[in-house]
Amino acid sequence: MERTPSDFIPEKDVFNNTANAEQFLNNAYTSLPNIFKLGADNNWLLASGTDESEQIWDNGLDCNYFNSGSWNAQNFPMQQYWFNFYNSIRRINKFIENYDMIPEDELDVNRRKRMLGEAYALRAYYYFELFRMWGGVPLLEKSLNPSDANGVLVPRNSADEVVAFIKKNVELAIPLLPARHVDSQFGRMTSVACKFLWARTALYFASPLHNPAKLPERWTTAAAANADAISAAESNGYSLCLTDLNGKKAYERIFLELNNPEAIFTRPGDDFSRDQVTQSNAVGGWYGTGPTQEMAEAYQMTNGLPIDDPASGYNPQDPFKNRDPRFYQTIVGHGMTWKNRVVDVRPGGADLKTDHPPTNYFLRKFMAEEVNIFNSTNKKYRPWLLMRLGELYLNLAEAQNEAEAAPGQIVYNAVNAIRRRANMPELPEGLTKAQMQQRIRSERQVELAFEDHRFWDVRRWKIAEVTDNRPIHYMSVSATNIYSYPVRETRTFLTKHYLFPIPQSEIDKNPKLIQNPGW
């Protein structure tokens, strides 16, 4: 009478078959982060948890908990990632433990080793995500047995140990993986993505949040890692997207094309939901998320001067004239043309939702103009970019600038490559180290806008208590076209918010876990 459940598959049946083993590993990709974070009742951009954007929905475990400072260890946004990442790490560990059972594929002699490389690479990726959210976390190199009550209670490792573990897994993965994949395998880990991952990790580890002693060798390591990753990428055919195509500017192409030359690692995206969440009611959207006035003001003028420079020529009553070209490829504002119609957010305007306007700006980046939200036609599949070459240039510039007494040619070359692509003037010569630091941070803010960087950058730089602890503004346009910039909300950021709290449920069941400071 004791029959084995029909949905139970013994481990040997999974790993004695190459295709089954690969499907088992493929499921470990499902925890890769999405640009849209899942809240209780809606999707939202992580950008809305920092000074980039604002969303209208107040319900649920969404980014407004970040903005109000009212989160705690029992209830906070993104806490599910602790469980998701460790679930995937357990799957990866199980795969590695059973790897010797997997037979070779006679039709693809590289398949088996490639799968092992992906396992090591994904384990490194998930530990990077855990590291940047929580700092030091438990390191698990083997799958735990749930029936072993004491064996599953493991303490936290230090941040230094986590970073070393990421580096170890990256080094194990690199010789097993191809530098890039053909279209049928697009989205899998590669050796170039592994070098990118280590370069990004090294940058975070050198940054003030994780380097309070200001150890200069960490910046040197980060600079070398990012230079190595750039070299590996470019020698294998990756390049900055420099040319316009099919009516799309070079910069916006990066986020609309499935296999752009700048895209090093992506995760499955969508063909519709991003448009629906961010677009105006007038074109069928929910008007849920919009860039802040602070984000709009981050873009320089075409002469290369910030808008608060008296010589810039900026006019707050004509705010969209002569701005950084990336502004127009990222943000849609009043009077601009989008989907063959002029955007109007004046009282009574078709694009103004009067009951709860977020910012009166709309997000253009990632959006396909041809998508018809009303009737769900002309959908366009677009992946989410997790790694692209442009970030590496800015990573290198930042690390090299911090490693040197004064910015040298490597720093200038890296930033100017990004600015030339955007048709912006090159940086002026003779900048001090501090001036260059600010220039690089400003460049990251606009070049990587809404790509899941700003939220983490202001934390690792330890400036979030300024950027995320202040009033956030929106744009208002009167019936007579007078622009004003009222306060949308005043946000709160506390020192303890630099690192997430370990979920209280984990602390309660594991006395060996020590909570992060302040929680």
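Atoms considered below: every heavy atom in the structure, side chains included; atoms not considered: hydrogens, waters and symmetry mates.
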List the atom of [X], the atom of [Y], and the distance in Å for their closest heavy-atom pair.
{"X": "Tyr381", "Y": "Pro268", "value": "OH-CA, 3.1 Å"}
{"X": "Ala397", "Y": "Ile440", "value": "O-CD1, 3.5 Å"}
{"X": "Glu161", "Y": "Leu139", "value": "O-CD1, 3.6 Å"}
{"X": "Pro33", "Y": "Tyr125", "value": "CD-CE2, 3.8 Å"}

Next item on the list: Assess the side chains of Tyr251 and Arg326: does a donor N or O sit below 3.5 Å from an acceptor N or O?
Entry: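 Checked: Tyr251/Arg326 side chains show no N/O donor-acceptor pair below 3.5 Å.
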Margin query: Between Ser53 and Ser48, is there a side-chain donor-acceptor contact under 3.5 Å, judged purely by atom types and distance?
Written below: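 A pair is found: one side chain offers a donor N or O, the other an acceptor, under 3.5 Å apart.
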Should the ring pair [X] and [Y] be called parallel, tilted or perpendicular, given that the plane angle runs from 0 to 90° and is split at 30 and 60?
{"X": "Phe128", "Y": "Phe131", "answer": "tilted"}
{"X": "Phe265", "Y": "Tyr29", "answer": "tilted"}
{"X": "Phe66", "Y": "Trp71", "answer": "perpendicular"}

Keeping [X] on the side-chain end and [Y] on the backbone end, is there a donor-acceptor pair under 3.5 Å?
{"X": "Tyr204", "Y": "Arg460", "answer": "no"}
{"X": "Ser207", "Y": "Leu203", "answer": "yes"}
{"X": "Arg267", "Y": "Leu386", "answer": "no"}
{"X": "Trp134", "Y": "Leu499", "answer": "no"}
{"X": "Arg459", "Y": "Phe455", "answer": "yes"}

Test: [X] cationic atom under 6.0 Å from [Y] six-membered ring centre, within 45° of axis:
{"X": "Arg112", "Y": "Tyr99", "answer": "yes"}
{"X": "Arg91", "Y": "Phe24", "answer": "yes"}
{"X": "Arg180", "Y": "Tyr238", "answer": "yes"}

Decide, yes or no, whether a salt bridge links [X] with [Y] under the criterion of side-chain N to carboxylate O below 4.0 Å.
{"X": "Arg444", "Y": "Glu447", "result": "no"}
{"X": "Asp51", "Y": "Arg491", "result": "no"}
{"X": "Glu118", "Y": "Arg188", "result": "yes"}
{"X": "Asp275", "Y": "Lys379", "result": "no"}
{"X": "Arg439", "Y": "Glu443", "result": "no"}
{"X": "Glu451", "Y": "Lys365", "result": "yes"}
{"X": "Glu11", "Y": "Lys94", "result": "yes"}
{"X": "Arg156", "Y": "Glu506", "result": "no"}

Notebook entry, point to check: With Asn145, which residues qualify under side-chain hydrogen bond (donor to acceptor under 3.5 Å, both in side chains), at least two apart?
Noted result: Ser147
Margin query: Just checking Leu258: does its CG atom have more than 12 heavy atoms from other residues, nucleotides or ligands closer to it than 6.0 angstrom?
Written below: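 Enclosed: over 12 neighbouring heavy atoms sit under 6.0 Å from CG of Leu258.
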Margin query: Tell me whether the count of non-hydrogen atoms from other residues, nucleotides or ligands lying under 6.0 Å of CD1 in Ile410 goes above 12.
Written below: no
Next item on the list: Start with the C-alpha gap between Asn169 and Arg123, add the side-chain angles, then the distance that decides, and say whether side-chain hydrogen bond (donor to acceptor under 3.5 Å, both in side chains) holds.
Entry: CA-CA 7 Å; Asn169 278 266; Arg123 188 162 68 176; 2.9 Å; yes
Check: Are Tyr127 and Phe165 close enough that their ring centers fall under 6.0 Å?
Finding: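 Close enough - the centres of the two rings lie under 6.0 Å apart.
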Checklist line | Check: Phe500 ring centre within less than 6.0 Å of Trp519 ring centre | finding: no
Check: Between Asp468, Thr50, Leu46, which is the residue that forms a side chain to side chain contact (heavy atoms under 4.5 Å, CB included) with Arg454?
Finding: Thr50
